[in-house]
Amino acid sequence: MAAPPAALVNRNKKHFLGVPAPLGYVAGVGRGATGFTTRSDIGPARDANDVSDDRHAPPAAKRTKKKDEEEEKEEEEDLNDSNYDEFSGYGGSLFSKDPYDKDDAEADAIYEAIDKRMDEKRKEYREKRLREELEKYRQERPKIQQQFSDLKRDLVRISDDEWRQIPDVGDARNKKQRNPRAEKFTPLPDTVLSRNLGGENNTSIDANSGLASMVPGVTTPGMLTPTGDMDLRKIGQARNTLMDVKLSQVSDSVTGQTVVDPKGYLTDLQSMIPTYGGDINDIKKARLLLKSVRETNPNHPPAWVASARLEEVTGKVQAARNLIMKGCEVNPDSEDLWLEAARLNPPDTSKAVIAQAARHIPTSVRIWIKAADLESETKAKRRVFRKALEHIPNSVRLWKAAVELENPEDARILLSRAVECCPSAVELWLALARLETYENARKVLNKARENIPTDKQIWTTAAKLEEANGNHHMVEKIIERAITSLSSNGVEINREQWLKEAVESEKGGHIHCCRAIVKVIIGYGVESEDQKHTWMEDAENFTAQAAFECARTVYNIALATFPGKKSIWLRAAYLEKNNGSRESLENLLQRAVAHCPKSEVLWLMGAKSKWLAGDVPAARGILSLAFQANPNSEEIWLAAVKLESENKEYERARRLLAKARGSAPTPRVMMKSAKLEWSLNDLDAALNLLDEAIKVFPDFPKLWMMYGQIYDQRKDVDKAFEAYNTGIKKVPNSIPLWVLLSRLEEKRGLLIKARSVLEKARLKNPQNDELWLEAIRVELRAGMKEIANAMMAKALQECPTSGLLWSESIFMEARPQRKTKSVDALKKCEHDPHVLLAVSRLFWSERKVSKCREWFQRALKLDPDFGDAWANWYRFEQLQGTKEKQEEVKEKCLTAEPHHGELWCNISKNIKKVGWSTEQILLAVAKSVPIPI
């Protein structure tokens, strides 16, 4: 036999043969083998001076001359002057030649920690600066989408003809794509077509190759085996057929029942795959560790539980069951082990396990409850609980579980036995009292008090029982006895807990009980000088929790103690107005004015209540009594005038005002007198009254306003101008007067004069947002949008926290920039109702219905007196909401009775609409609300 060529030998020779093994090499470690060392590996003992035999040293690398030169160059320090800096020294390291030891590593770690800490300190500032730069960049260079958004929006107005006239886009593809060449087809040989004629791909094996002997029936000597190609696909089909035959043989042909489900066979195999996705080595280590714990201390139940759960997690449920049962044998007194065994076993086996557990630990409540849970029928559950109570008669938990399964009659019998066995269980006593009749319940609660003299719940239940049976006089006595008894038995009387009990009693419908608790406990532990303050806080807390009866009781006690305090009467009156009935409010106000006859507000509230109820004579009677108590009160005179004018009794109103001018000639009385004549279209009488008033009160701005408006209504512009001009000289700090004068100039067509008036007003009244807003609107009405934008920028610099200006500036921006502007506005004045209204209108323009509603509610929660927000919300609901939503908004508005707002005052202060109700004003203002675009 010839020797193989040398090239072939060298090619097949492995590179590691004849080379020493690397340091730490262990043979077979890739297959899971672990290394070990024997005495033959270590060798004989050596002397300290012996040269070590390092058999596993790594091979010495060949060092070239070039490498040595490079290392020397790196180690050389560059100490030139050009590499030196006054602050940081030389650029390179002065100590690069020295060894790098632990101290150096520790110092580097400290410096690295310091650098990291300093970087964290600067992080917030750096991120803030980046955000600001990004915002500035976005403002300077808006996206293409933002630049063309207005043009896209204009496409809505394009007609069909204009759309058809838009030219088609040309073919922008290159020449090769536009003019594809004809496809070329290469004809296949006939052999390929004949081989694939059946439409199947055959993967074949050459019969003469070595693999053929592995397939049965292929090239077997002595048998007629066809030569040629063998089809592997057919072999696979044959294997499937064979599997089907075997599965059919397993089925029981007599009964027709199948031992193995052929369809679900593979699914069952899949379910046997372990579901644990962790590392198998970790499982092995844990298993070994837990085994060591079990063997070291077999009487430690948690070790057995942990072992069983480990097997359960890895999918070996049967092994887990075997382990836990073995643990139960070793520790038969551990209820944790028995409960875990019951959990791991199937239901039928679990019952047997729990039965065995109950025999070993008959006093375990958890085991008996688990035994009851395993039973499906109520009858069986009852039987288990009764058996359990024989062994553990003093378990409250078992009694409660047993009682829950019984009907009321059997439950009563069980509870009567339960309270004998567990006399200190309050819940059982109370449950028994609820099931008994009134007489028996009283006896039960008396026994409960004897057995548990330190529990307040028994006393409150007794009070509720008496209230439920109509013995209201007994309720307060029981609560008083409760406080006395509990104090004598050393129980601390916690005022907060008792007040909380009063709230729960009210919510449970026990009004007399809650009143009694508040009455008895309200003064407990409160000093006399702190009583008013503490009681008002208690009343507010009760109101916040919707416990209005408790709050009412507190106010009654406070009013009995401090009958002359007007503030308490007012708080009680507002409580009745918002949460009580009209009768209760009127009764309270009658008592209030008797104790505080000089309080005008209480008289006016009483008169208004009668007027709203439609009882005008009674309202007049209250006001006449108020006149007697407060003869020169401006508020009462004006309230009487309003009552008469609202009821169309204008002559009576005139007479009242004449009397008021005689007895209490105040500016408001004079103004109301002129306004009444103006509303009745008697302009001469109104002007005469204003002439008189201006002589006496020249510094009251509303008189000058009315004077000018009446002349403006008469088309006498010169006299109106003269009135406003004189008014601003007398009262230069009245902003509405300046605004009216500028509008008059604008109306006369003198735009420059209007601007100069407002500029002069701003000089007299600096940092006034209303004047800036009027100046901006003058420019907008004149079509000077650029000037208006410049003025807005100046205004925001002078009044940076003005909600009026920010709300106007949002809608002065182009549509893409509005959202950014609104964010800036919210940052500057987050709690301004004008800004919140502007943001809600912004959402309205974007058709974000739910967000729009949410922001309307925010604005009105902040300022419910803001009429413009109510009108905008109502208009929004008219367009986007349902009838129910509209009615809901209207009801809330009528309750709030708003008075302020630019649009609202334009309607409510209009002389032609004097006497309009809140509903009429709301509907009128809603019509005038512009829909945001």
Side-chain angles (χ1 to χ4, degrees), residues 268 271-272 274-276 283 286-406 410-411 413-415 417-418 420-422 425 428:
D268 291 343
S271 65
M272 291 171 68
T275 55
Y276 180 71
I283 297 171
R287 201 174 272 146
L288 193 64
L289 186 64
L290 289 169
K291 183 181 178 183
S292 172
V293 174
R294 291 196 310 271
E295 289 174 354
T296 309
N297 187 4
N299 296 323
H300 187 57
W304 294 97
V305 173
S307 302
R309 286 188 181 171
L310 176 67
E311 300 300 336
E312 184 189 10
V313 166
T314 54
K316 298 182 178 180
V317 182
Q318 192 56 47
R321 290 170 184 164
N322 295 340
L323 264 174
I324 205 70
M325 290 311 296
K326 190 175 178 184
C328 290
E329 289 172 13
V330 177
N331 302 283
D333 295 333
S334 170
E335 65 177 14
D336 289 332
L337 282 175
W338 287 110
L339 290 170
E340 187 69 14
R343 187 183 69 80
L344 286 171
N345 281 290
D348 294 337
T349 317
S350 295
K351 288 182 183 178
V353 169
I354 282 293
Q356 196 175 348
R359 281 195 293 274
H360 283 95
I361 322 170
T363 57
S364 171
V365 176
R366 288 168 64 197
I367 284 175
W368 284 109
I369 287 174
K370 181 67 177 176
D373 289 341
L374 289 172
E375 299 291 344
S376 54
E377 295 180 3
T378 309
K379 192 175 179 182
K381 286 178 185 284
R382 287 176 187 160
R383 193 164 54 245
V384 169
F385 279 128
R386 292 189 180 184
K387 187 78 174 170
L389 288 167
E390 289 176 12
H391 290 91
I392 323 166
N394 59 349
S395 169
V396 178
R397 190 177 171 189
L398 283 176
W399 281 111
K400 284 168 69 177
V403 167
E404 283 172 4
L405 297 173
E406 303 291 342
D410 293 339
I413 297 166
L414 263 180
L415 282 167
R417 174 66 181 149
E420 291 175 10
C421 297
C422 309
L428 297 178

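Count residues from 1 along the sequence. Values reported hereafter were calculated over all heavy atoms of this structure, with side chains retained and with hydrogens, waters and symmetry mates removed.
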Worksheet item: Between E312 and R343, is the closest basic N to carboxylate O distance under 4.0 Å?
Response: yes
Discussion item. Donor-acceptor check, side chain of N345 to backbone of A341, threshold 3.5 angstrom: yes or no?
Written reply: yes
Fill in: Salt-bridge present (K326, E329; N to O < 4.0 Å)
no
Fill in: Side-chain donor/acceptor of S292 to backbone N/O of L288, under 3.5 Å
no
Worksheet item: Does a sphere of radius 6.0 Å around CD in E377 hold more than 12 heavy atoms from other residues, nucleotides or ligands, not counting ones at 6.0 Å or beyond?
Response: no
Worksheet entry | Step-by-step side-chain contact (heavy atoms from CB on, under 4.5 Å) determination, M325 to V353 | CA-CA 9 Å; M325 290 311 296; V353 169; 4.2 Å; yes
Discussion item. How close do A372 and F385 get, counting heavy atoms only, and between which atoms?
Written reply: CB-CZ, 3.5 Å
Worksheet item: Would you say the side chain of V365 lies within less than 4.5 Å of the side chain of I369, judging by non-hydrogen atoms?
Response: yes
Item to complete: Indicate the atoms forming the closest heavy-atom contact of P298 with N331, along with that distance.
Response: O-ND2, 3.0 Å
Worksheet, complete the sentence: Here the gap from L310 atom CG to L290 atom CG, rounded to the nearest 0.5 Å, amounts to 6.0 Å
Discussion item. For a side-chain contact (heavy atoms from CB on, under 4.5 Å) check, start with the C-alpha distance between K351 and E375, then their side-chain angles and the critical distance, and finish with the verdict.
Written reply: CA-CA 8 Å; K351 288 182 183 178; E375 299 291 344; 3.9 Å; yes
Practice prompt. Would you give the length of the straight line joining atom CG of L339 to atom CG of L344, rounded to the nearest 0.5 angstrom?
Written response: 11.0 Å
Discussion item. Strictly distance-based, threshold 3.5 Å: is any side-chain N or O of W338 a donor or acceptor partner for the main-chain N or O of I354?
Written reply: no
Discussion item. For a quick test of reading the model, state the closest non-hydrogen atom pair linking P362 to W368 and the distance between them.
Written reply: O-NE1, 2.8 Å
Worksheet, complete the sentence: One should read off an interatomic distance between I367 CD1 and K370 NZ, to the nearest 0.5 angstrom, of 11.0 Å
Response to the item:
The reported gap from NE2 in H360 to CG in L337 (rounded to nearest 0.5 angstrom) is 12.0 Å
Item to complete: Output the distance between atom OG (S350) and atom CG (D373), rounded to the nearest 0.5 Å.
Response: 11.5 Å
Worksheet item: Is the shortest distance from a Lys or Arg side-chain nitrogen in R287 or E311 to a carboxylate oxygen in the other one below 4.0 Å?
Response: yes
Worksheet entry | Pairwise distance CD1(I324) to CH2(W304) - rounded to 0.5 angstrom | 9.0 Å
Worksheet item: Would R294 and S307 count as a side-chain contact (heavy atoms from CB on, under 4.5 Å) if you check the C-alpha gap in whole Å, the side-chain angles of each, and the deciding distance to 0.1 Å?
Response: CA-CA 9 Å; R294 291 196 310 271; S307 302; 2.7 Å; yes
Worksheet item: Salt bridge between E335 and R366, side-chain N to carboxylate O under 4.0 Å?
Response: yes
